[in-house]
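Both counts, for ligands and for their atoms, begin at 1 and track the order of listing.
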Amino acid sequence: MSETARQSTKSAPQRAMERLGLLRDIDLALHLPMRYEDETRIEPVAALHDGDTAQVEGVVRHCQVEIRSRRQLVVRLADDSGELTLRFLHFYPSTQKQLAVGSRVRVRGEVRVGFLGREMVHPTVKRVDEHTPLAASLTPVYPASAQLPQAYLRKAVAAGLSRAPLDEVLPPGVVPSGLPPLREALRLLHHPPPGIAMGALEDHSHPAWQRLKFDELLAQQLSQLQARLERSRLAAPALRDSTLPARLRTVLPFTLTAAQERVVAEIDADLALAQPMHRLLQGDVGSGKTVVAALAAATAIGSGWQCALMAPTEILAEQHFKKLVDWLLPLGLEVAWLTGSRKGKQRQAMLAKIASGQAALVVGTHAVIQEDVVFARLGLAVVDEQHRFGVAQRLALRRKLELQALEPHLLMMSATPIPRTLAMTYFADLAVSTIDELPPGRTPVVTKVFADDKREQVVEKIRDEVARGRQVYWVCPLVDESEHIDLQNATATHAQLSEALPGVSVGLLHGRMAAADKAATMAEFSAGRMQLLVATTVIEVGVDVPNASLMVIEHAERFGLAQLHQLRGRVGRGAVASVCVLLYTAPLSATGKARLRAMAETTDGFEIARRDLDIRGPGEFMGSRQSGDALLRFADLAEDDALLERARELAPKLLREQPAAARAHVQRWLGGKAEFLKA
Ligand code: ADP
Ligand code: MG
């Protein structure tokens, strides 16, 4: 049978289930209700209160179509305690038949107590007799859709639950005491017994919920450990050299901070091993990650290997390129430059130098991972702003590296610190180094929040700064996804500011400019020949002009906190006291206010990341890493840190002592997704 023929034999609900990923019995068993209906009890009519959702049983006394404001079916139902009115605005002849005078029915719905007594609008109705039993457990309500009716889904889940292999795969002692076996937990969550504490089900604190969360967290920890173990079996060149790094240190215009020294030592220890490093270097904006990368590069190159440095944008790549050239050229090294805009002969020449090994260091954008780039001896790959690269790109990088007999070491750098629980969950297989101290002599940036109508004063302030020989950034708002509109805005602002500030050299920088023009504009600003730079967010990362002392961010309310923090990091790079002005357009929502206040209150990137996580939740925080797949369905990192700790403690022991059980557990929970987690 062809694929299309097979498709057409599937019913609409079947296809809808597939779209939800409900394929295996275990998938169905893990598809949990979002709420429950209580059909285990019958309430006397007289006991119903306004707003209750309840089930009532009685005999129909009256059933008539009436024309009030509109045509409707009005039914009166009586039990021993009183009478209840049922009202249907949409109904079929079958509804009328079902509710004929004299029939006994069970109805369920929301109670309204009004002027005319108690009533329900559009209750569910079931014909019964005196002996029809009540439901033995609460009725699950699953996330459903038009193509996937609730009744169909209930049956499918119940069948999946009874067939799914739910035998315990974890050895005794692993599951925290007090938590039920998996089968029992799932049965309870799908069909809770009457009288269960609903609060504990709803807030997921019930032991059955805890069991699911624990299993899920454990599966994730195990799969990350497995990935780490697999990597440790791979071979990498052992990189050991003290000569070149020492020479690099002598040309540096500063000495390293204690924090930088510590992370350099951590990285050196990894590089010296004959297995690939997989390390995340995190440090706030301006903490000095570049020089750490340069020292690692020097170690690699001094050991006779090449180093690749990859950055998400050409501007950032250019910044690294210039700085690294300044530092490394005096050591007699050759640096190759590879970006999307280098094409033709120039590119061919670079590729040849990379393939022959003549270029010791290769700096660039995604162009570095293109298929035709072949390294002679790639020993170390450094990825800056790693969170800006998607999973696919990171996988491409690793795959590229697999072409060699040896894998290179991998150093990822990020200025967006990852909160501890996230690091433990999503990056459990990564070693993390943190630079937790800024180089000396920095004056913290003062942040001020103003409404848009203070623009005049802000322009005044720019005039003052320029008069004192300082430089200024003006960051234009992110209007929407459209680069075109962003550009229009930036151009208009550029014109306004040029007019308002005669005699001041005002430049414009935006994403649509050719790379050479961008570089030329940046060069003017870096050299101090341009005093005011109007820019779209292309300056977000990597721009380093110590003389810049003021940054104005327009429509600050439209930026994410992490992004504002990145932007703000462009000032306060020298010894001069710097100011960041956040302009917003009123009215501002309560969260909007809270967010801008957070920016004014702290300059600590870790604290900002924590607040950002609170406001946006981990999904968005992690960005592309999670795209398409919510990696955690049950556990909540904000609440379940105790379970996470426990899973983290147990995972290594389980993997070591009961590898088969560990594998079975990962397979059950992650199935095909385990590969994805390794990216
Ligand atoms: P980031 O971590 O944001 O990438 P950079 O590497 O760009 O930070 O460093 C920010 C600035 O601080 C650069 O001008 C860099 O040369 C300088 N710098 C780095 N380390 C030190 C240090 N130990 N002492 C003084 N200045 C330093
Ligand atoms: Mg940097």
Enquirer: Looking at Pro439, which atoms of ligand 1 are within less than 4.0 Å of one of its heavy atoms?
Expert: 20 (N), 21 (C), 22 (C), 24 (N), 25 (C), 26 (N), 27 (C)
Enquirer: Any nitrogen or oxygen of Thr255, main chain or side chain, under 3.5 Å from a nitrogen or oxygen of ligand 1?
Expert: yes
Enquirer: Hey, which atoms in ligand 1 end up nearer than 4.0 Å to a heavy atom of Thr257?
Expert: 23 (N)
Enquirer: Are Glu460 and Val458 packed together at the side-chain level, in the sense that at least one heavy-atom pair is separated by less than 4.5 angstrom?
Expert: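 Contact flag for Glu460/Val458 side chains = no.
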Enquirer: Decide whether an N or O pair under 3.5 Å exists between Val291 and ligand 1.
Expert: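 N/O-N/O distance under 3.5 Å: no.
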Enquirer: Judged by modelled atom types alone, do His565 and Asp284 share a side-chain donor-acceptor pair under 3.5 Å?
Expert: yes
Enquirer: Below a 4.0 angstrom heavy-atom separation, can you tell me which part of Leu256, side chain or backbone, both or neither, approaches ligand 1?
Expert: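 It is the backbone that gets close, since no side chain atom is under 4.0 Å.
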Enquirer: Is a side-chain donor-acceptor pair under 3.5 Å present for Asp452 with Thr585?
Expert: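 Yes - a donor-acceptor pair under 3.5 Å links their side chains.
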Enquirer: Would you indicate which of Gln566, Met413, Lys289 comes nearest to atom 1 (P) of ligand 1 when only heavy atoms are counted?
Expert: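 Selected option, by shortest heavy-atom distance: Lys289.
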Enquirer: Should the proximity of Gln260 to ligand 1, defined as any heavy atom under 4.0 Å, be assigned to the side chain, the backbone, both, or neither?
Expert: side chain
Enquirer: Can you check side chain to side chain donor-acceptor pair (under 3.5 Å) on Thr521 and Glu524, steps first, answer last?
Expert: CA-CA 5 Å; Thr521 305; Glu524 282 292 289; over 6 Å; no
Enquirer: Could you tell me whether ligand 1 has any atom less than 4.0 Å away from a heavy atom of Gly283?
Expert: no
Enquirer: Which of the numbered atoms in ligand 1 are under 4.0 angstrom from any heavy atom belonging to Thr290?
Expert: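 Every atom of ligand 1 under 4.0 Å from some heavy atom of Thr290: 4 (O), 5 (P), 6 (O), 7 (O).
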Enquirer: Would you say Arg570 has any N or O atom under 3.5 Å from an N or O of ligand 1, going by distance alone?
Expert: no
Enquirer: How would you list, by chain and number, every residue that makes a side-chain contact (heavy atoms from CB on, under 4.5 Å) with Asp268, sequence neighbours excluded?
Expert: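 So Asp268 forms a side-chain contact (heavy atoms from CB on, under 4.5 Å) with Val264, Leu271, Thr299.
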Enquirer: With a 3.5 Å cut-off and no angle check, do the side chains of Glu465 and Ser549 form a donor-acceptor pair?
Expert: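 Yes - a donor-acceptor pair under 3.5 Å links their side chains.
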Enquirer: Going by heavy atoms in the side chains, are His409 and Asp270 under 4.5 Å from each other?
Expert: no
